[in-house]
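Computed from a prediction, not measured in an experiment: that's the story for all the values here. Every chain is numbered from 1, with letters handed out A, B, ... down the list of sequences.
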Amino acid sequence: MPELPEVETVRRQLAAAVVGDTIVGVTVPYPKVLQTQTSAAFAKAMVGADMVAARRRAKVLLLDFSNGMTLLVHLKMTGRFLLTDRHPEQRKETEVVFLLASGRVLTFDDVRHFGWIKMRRTHEVARYLEEEGYGPEPLDPLFSADVFRSRLALHSGKRIKQALLDQTCIAGVGNIYADESLWESGIAPIRRVHRLRTADVVALHGAIRLILSRAVADGGSSANDYLDIFGRKGNFFPKLQAYGKDGTSCAKGDGGILRKRVLGGRGTHWCPVHQK
DNA sequence: ACCTAATCCTGCATGC
DNA sequence: TGCATGCAGGATTAGG
């Protein structure tokens, strides 16, 4: 399920491979994915537009076009862009097809139809994001432990796992990297935020940045469905130490057996020995 | 203020 | 083999 590292990987690939190309045709086999336009209006606006930038905020891709519009794309769990040299075989999960001037085809697929695409004027995107209230970008150099502490203070009564999943607290962290960061920093997911000591916050801050940057460097994790725009899996999955590791012994070497329980509706994995 | 359940949706794993 | 069940989950929302 795409989180910051997976979305960032897709962003980089689109920036390198698609920016500069021009959309020459659009079809929308699954119009419900478009949250702000009809298929006809969408196609009319996009045909002839050049992709001029691929940005990201939280888990949202921001694709800027020369027509002054930006596509905001959320992959949710199974959304994916796929870039191919020639027109792909028809797939029932394909939601949007972009024909490019280069002759290549970019599709947006989503088996579970959770993802969405919105269109906004590029100059209004900053305001849109402001209204969504996303928290700081964890890999931003300005995201210090102090900033993290002040964000957490807005969620003081929650369990730390749920604060990490709240995009208004910190942006881009999802279920996998929340569990990994808590495992790395030795904090139990059920801990209340206001019970965290400064040293805990500093450790967690460092763990989030370390793990997310490593995962970005590895092209993300393919735990279930994630594929990049070339249909390849990410390389970080084998490096996960907590997610999906329930029943196995803790890699910290403390003799703990990782457990799993549902917390806030999300499968949560942790080591009962070193995570306190 | 916080919690859980339901919702959206399909594929896959499990169990009988 | 085939059928039913449940589980996975990002984010939002309704209800407790």
Side-chain angles (χ1 to χ4, degrees), chain A residues 1-11 29-36 56-62 72-82 90-96 107-118 128-129 131-135 137-138 151-182 189-196 208 212 215 220-227 231 233-234 237 240 242-247 258-270:
Chain A
M1 48 274 17
E3 303 179 28
L4 186 151
E6 292 77 30
V7 180
E8 176 62 17
T9 299
V10 170
R11 183 200 70 76
Y30 189 82
K32 274 177 67 180
V33 70
L34 304 177
Q35 300 220 326
T36 55
R56 178 188 60 77
R57 178 73 171 101
K59 299 173 193 168
V60 182
L61 285 164
L62 310 171
L72 297 88
V73 183
H74 201 308
L75 306 175
K76 290 290 182 102
M77 291 158 49
T78 53
R80 60 172 68 136
F81 279 107
L82 286 170
Q90 189 126 16
R91 296 181 297 264
K92 63 179 178 180
E93 63 266 32
T94 297
E95 298 188 335
V96 184
T107 65
F108 182 72
D109 288 27
D110 188 355
V111 165
R112 287 175 217 174
H113 305 306
F114 279 24
W116 48 252
I117 299 177
K118 301 177 182 181
Y128 167 86
L129 295 170
E131 286 169 3
E132 291 295 304
Y134 292 118
E137 285 291 327
R151 299 303 301 186
L152 285 173
L154 304 171
H155 303 266
S156 61
K158 290 180 180 165
R159 293 177 165 133
I160 183 60
K161 168 74 183 269
Q162 301 189 257
L164 292 178
L165 293 181
D166 189 330
Q167 299 301 296
T168 70
C169 178
I170 179 170
V173 177
N175 202 40
I176 293 175
Y177 297 107
D179 282 4
E180 293 299 309
S181 301
L182 290 167
I190 56 167
R191 282 274 291 284
R192 300 281 170 181
V193 168
H194 70 271
R195 311 291 297 185
L196 296 178
I208 290 168
L212 290 180
S221 313
S222 295
N224 295 306
D225 304 288
Y226 169 72
L227 296 176
K233 295 184 171 191
F237 180 67
L240 298 178
Y243 182 86
K245 294 291 185 179
D246 42 307
L258 271 76
R259 300 190 57 190
K260 177 181 181 181
R261 62 167 278 201
V262 174
L263 204 62
R266 295 289 160 262
T268 298
H269 314 73
W270 83 103

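- At distances below 3.5 Å, at least one donor-acceptor pair connects side-chain atoms of A:E137 with backbone N or O atoms of A:A58.
- Salt-bridge check for A:R261 with A:D246: failed, with every basic side-chain N at 4.0 Å or more from each acidic carboxylate O.
- Here the side chain of A:R195 pairs no donor or acceptor atom with the backbone of A:S156 at under 3.5 angstrom.
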Evaluate the criterion side chain to side chain contact (heavy atoms under 4.5 Å, CB included) for residue pair A:E180 and A:Y243; output intermediate values, then yes/no.
CA-CA 7 Å; A:E180 293 299 309; A:Y243 182 86; 3.7 Å; yes
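- Looking at A:E6, its side chain does come within 3.5 Å of a backbone N or O of A:E3 through a donor-acceptor pair.
- Searching all strands for a Watson-Crick or G-U wobble partner of C:dT1 with both distances below 3.5 Å returns nothing.
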Using a cut-off of 4.0 Å between protein heavy atoms and nucleotide atoms, how would you tag nucleotides 7-16 of chain C 5' to 3' with B, S and -?
-BBBBS----
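- Look at A:D110 and A:K76 and you find no salt bridge, because none of the NZ, NE, NH1 or NH2 atoms lies under 4.0 Å from a carboxylate O.
- Looking at A:Q167, its side chain does come within 3.5 Å of a backbone N or O of A:V173 through a donor-acceptor pair.
- Where DNA chain B meets chain A (any atom under 4.0 Å from a heavy atom), the bounding nucleotides read 5' to 3' are B:dC2 to B:dG11.
- Side chain of A:R80 to backbone of A:D109: no donor-acceptor contact under 3.5 angstrom is found.
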